Structures are given as C-alpha cells and as structure tokens.
Amino acid sequence: MMSSPIPHQQTIAAVATAVAPGQGGIAVVRLSGPAAEVVGRSVVSIPGQQLWVSHRVLYGHVMDESGKERIDEVLVLLMKGPRSFTGEDVVEIHCHGGLMAVQRVLERVLAQPHVRRALPGEFSQRAVLNGRLDLTQAEAISELVAARSRRAAQLAMTGVDGGIQRRITSLRERLLDQLSELEARVDFEEDLPPLDAAELLLELQCVRRELEQLVEDAKRGDVLRQGLQVALVGRPNVGKSSLLNRLSRRERAIVTDLPGTTRDVLESEIVLEGVPITLVDTAGIRATKDALEQLGIDRSHQALAAADVAVLVFDLSLGWTADDAALLAQIPDDLPRLLVGNKADLQPASMTASLSNEVDGKTVDVMLSALTGQGEEALIEAVLKTCGASEAQGLVVALNQRQQDLAATAAIALARTQEAAAQKLPWDFWTIDLRQAISSLGEITGEEITEAVLDRIFSRFCIGK
C-alpha cells in the first residue's frame, strides 16, 4: 500500500481572490503541488494547438465531469517550480468573478484525485519552507493585503522588499560576533589575548537600544495598521452627526433639528493623514424613558469604552452646560479626550473673531463649524496628536506584533547579559542570555523556528494566501 504524501507534498487548491456576489470581474483559483499541472489539464479544455508551457497564458474552458458542459471560459497560467510563488508547480485558473462560476470551478478542481483545499496561509507557508520568501516577507504580504491606508501599504512594502529581514539579520549577526568572542574565551582563554569586556558590552548595549527603538517604532506603526476608533460624544443636537458627515464626506447619518435622532451607534471609516479612523457617532447620551433610545445610549457607552479617543462636542451658541459637564464626567479617566465647540458659524462675526479657548471657564481644544468646515484641519491635527498617531509619520520599518514581542524579548535578554557582567560572573554566564537574544531574533526571520510555530503564524492569513 502506497503511503500518503506528507502535508507539504500534497497538492492544494483555493480561491486566491475575494469572492462576493456581483463583485469582481475575474477570480483566480490557485493550485500548488506535484499534481497541479495534471489537475489543470484534467479540468480545463484547451482548444487548438496551444501548448502547456511554463509561464505562458492559455485560453480554454473548464468542463463539467461529463466533459460536455462548459462551466466557465477561463485563462490558465502554468508556472513550473521553482519559478513560482511557492517554489512548487503552480497552476492559476483565471475565471469570471462573482460567486457561482468561481465556486463551480473550485469544486471541479477539488473533485480531482490528490487535491485538497488549502488551509489559511498555506501557499505563503510553502513559499517560506521552499526558500522563495523569508518569514518577514510572507508576513508583510499579508499586511499589504490587509492595509487600510496608503501609509500602511508603504510600510508593508518595506517588509516585502526585505527591509525587516535585513535589519534584524544585521543585529543578529552583530550578536553572533560577540557570542563567538565569548565562547572562544570559555574554551581557550589561556591561548587568546584578553577580551575587551567594555567594548563587547558597549556593542551589546547599542544593539539593545536599536531593538528598543524598533519596538517603539512598531507601536506607532500599529496605529497605521489597525487604525483608531474615535467616539463622537455629546448632548443631542449639538452637531455630532453633522461633524461625522463633514469628516467622512458622505451622508452616513440623518441630520435634523430634533433631539434623539441618532438612536444607534453609527460608524464611518475614513483616512486622516494616512491613519485609518473609525468615527463612531454615538446616540445623544441623556436621561430618557424611551426604551429604544435607551438601547442606543447603552451602545454609546460600549463604544466609548472601546474608543482610543473621545471627542466631546458641545454647542458654542449655548455655551458649556451642566449636561455637558455630566457627559464629560462619564468619559473614563484614562481615555484621551478633546473638547470641541461646534456651531461657531452661529456666532456674530465680531464674536467669532475674538473667540478664545475659554468657554464658561472650560478650556476648549478646538472651535469649529461642522456646517462650513471652519476649524476642521485643527480638529484633525488635534485628534492625531492626542492619539500619538502624528508620531507614526516618517516610519520606514515597523514590526508586527509577533516581531515586536520577540524583539522586546531579545532586548530584555541583552539587559540580563549586562547584569551578569555587572556581577562579574564568568564568561559562560554571559552567553546564556546572549544566546536567548540571538534565538529570539532568529524567530523573527524564521532562521530558528519550528513548523508548529509556522502553522500558528500562517493560520492567521486569509485562505488562498
């Protein structure tokens, strides 16, 4: 009896593009593995004298099992390994988009012998295992696919181009140089010149500082990847919905002069200075006996608890009221907040020119008119600054969360090495934590990582990637 092929020798298939009814002109069904070409030939009928040659586009039709009914008109691309994304034989079937056509094509492919559905991220995992990509490049491709802003895409491309790999590999090699010096003294100290311990520790300290800076930069990069949630809070009819419409440039909320119009949490996703922002227009928080309105108010409190910053909007034409103060008291103490005075356009021209940042003894961060746009740029700048997002501008390299954790672990290990030196412990004690730091950096690049860890990393990818 023939044994089953090990997982990475099996042929896998999946839809490699987004699938939705009525969306997308084309879709791609991707196969990778030893049976990819055979399966492609089995399901696609190629007319005329077209040859199955690597890296050449062929025209044909996917046929049903009987070979009589055409399922779809397609283009087929064969890429023989190792000149493919995964390093294996790859076949891509470019069919019509939408839902039914692509699903029927995939079903035909999966019905063939020796083919199974790909797991999330399995194509990228094979690319890493076969040396076509390093681990940081594969992770960066996933981040590029998920990018919600141009700046996030630019950061992801730095990883795709190998920027993270080069930076971490350079730091790891510097540590390996110091480890080799220490280990040589452990075994052959009598035969070697004295070790300059001060110079070695200085180098370890420099690497540690670079790692700590990478971690700090990565935290700022998280803002570009994950975005921010900004909760618009205020009494009914102070202009929160008008402000949301002003910032989002599209009508997402009903704006009227009646209090309590917004009875639920409304959201609008925008990008401000390269930072993805989810604006949450909360229901006007006030005492009410209306059950439906109370439900919206409860959801407003939940949105407030999940926000990165709260923008408390009040009506400049009415001034700061006791109700505004009560709302301010409901914002969690640890949540950054901005006080925004709206309806500046209702002030007489003489008063508008002399508006200060003091209203009824309360310091106001921004005064604006959601109707005319006056003060809009000042509000955007204040939101980004309050969240620390303005510091994300100019980043060149930004580690993801997994890489951040490992870089932080390496920095802590180097600190312990310096502690061993301060305690004047023997050389071999220095090497223990130094090896840990080197190992952590190797996990970032994939040089020291188990297949189980790889499985966990790629399980977070989308299917088809």
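Note that these values count all heavy atoms, side chains included, but never hydrogens, waters or copies made by symmetry. We number each residue from 1, following the sequence as shown. In this text, all values refer to a predicted model and were calculated from it rather than measured experimentally.
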Exercise for the section: For Ser180, enumerate each residue passing the side chain to side chain donor-acceptor pair (under 3.5 Å) test, keeping only those at least two apart in sequence or located in another chain. Expected result: none
Practice task
Report the residues that fulfil side chain to side chain donor-acceptor pair (under 3.5 Å) with Ser84, sequence neighbours left out, ordered by chain and then residue number.
Solution key: none
Problem - Val74 and His94, any side-chain heavy atoms less than 4.5 Å apart - result: no
Practice task
Taking the side chain as every heavy atom from C-beta outward, state whether Ile141 and Phe85 have any atom pair closer than 4.5 Å.
Solution key: yes
Exercise for the section: Answer with yes or no whether the side chains of Arg208 and Gln418 bring together a donor and an acceptor at under 3.5 Å. Expected result: yes
Practice task
May I ask you to decide if Arg166's main-chain N or O and Ser170's side chain share a donor-acceptor pair within less than 3.5 Å?
Solution key: no
Handout entry: Any donor-acceptor N or O pair under 3.5 Å, side chains Glu173, Thr169
Key = no
Handout entry: Contact check, side chains of Leu379 and Leu247, non-hydrogen atoms, under 4.5 Å
Key = yes
Problem - Under 3.5 Å: donor-acceptor pair, side chain of Arg225, backbone of Ala152 - result: no
Exercise for the section: Please tell me if the side chains of Leu312 and Arg337 come closer than 4.5 Å, counting only heavy atoms from C-beta onward. Expected result: no
Problem - Distance-minimising heavy-atom pair for Val215 and Ala408 - result: CG2-N, 3.8 Å
Exercise for the section: Using modelled atom types only, decide if a donor and an acceptor are shared between the side chain of Ser242 and the backbone of Ala370 within a distance under 3.5 Å. Expected result: no
Exercise for the section: Apply side-chain contact (heavy atoms from CB on, under 4.5 Å) to the pair Leu232 and Val340, showing each step before the final yes or no. Expected result: CA-CA 10 Å; Leu232 301 179; Val340 175; over 6 Å; no
Name every donor-acceptor pair, under 3.5 Å, that has one atom in a side chain of residues 453-462 and the other anywhere in the protein, sequence neighbours excluded.
from   : atom 1 : to     : atom 2 : distance (Å)
Asp455 : OD1    : Gln125 : NE2    : 2.8
Ser459 : OG     : Arg456 : O      : 2.7

Exercise for the section: Flag the pair Val105 / Val15 as yes when at least one side-chain heavy-atom distance between them is below 4.5 Å, and no otherwise. Expected result: no
Handout entry: Heavy atoms from other residues, nucleotides or ligands near CZ of Arg117 exceed 12 (cutoff 6.0 Å)
Key = no
Fill in the blank from the handout: One should read off an interatomic distance between Thr409 OG1 and Asp405 CG, to the nearest 0.5 angstrom, of 6.5 Å
Exercise for the section: Using side chain to side chain contact (heavy atoms under 4.5 Å, CB included) as the criterion, list what pairs up with Asp196, not counting sequence neighbours. Expected result: Ala198, Glu199
Handout entry: Backbone N/O of Gln436 and side chain of Asp433: donor-acceptor pair under 3.5 Å
Key = no
Exercise for the section: Can you run down the salt bridge (Lys or Arg N to Asp or Glu O under 4.0 Å) pairs that involve residues 47-75, sequence neighbours left out, and say none if there aren't any? Expected result: Glu69-Arg104
Exercise for the section: Return yes if a side-chain donor-acceptor contact under 3.5 Å exists between Thr86 and Ser32, otherwise no. Expected result: yes
Exercise for the section: With sequence neighbours excluded, tell me which residues meet salt bridge (Lys or Arg N to Asp or Glu O under 4.0 Å) with Arg172. Expected result: Glu447, Glu448
Completion exercise
When every non-hydrogen atom of Gln404 is compared with those of Leu399, the smallest separation belongs to NE2-O, 3.5 Å
Practice task
Would you check if the side chain of Arg126 reaches a backbone N or O of Gly87 as a donor-acceptor pair within less than 3.5 Å?
Solution key: no
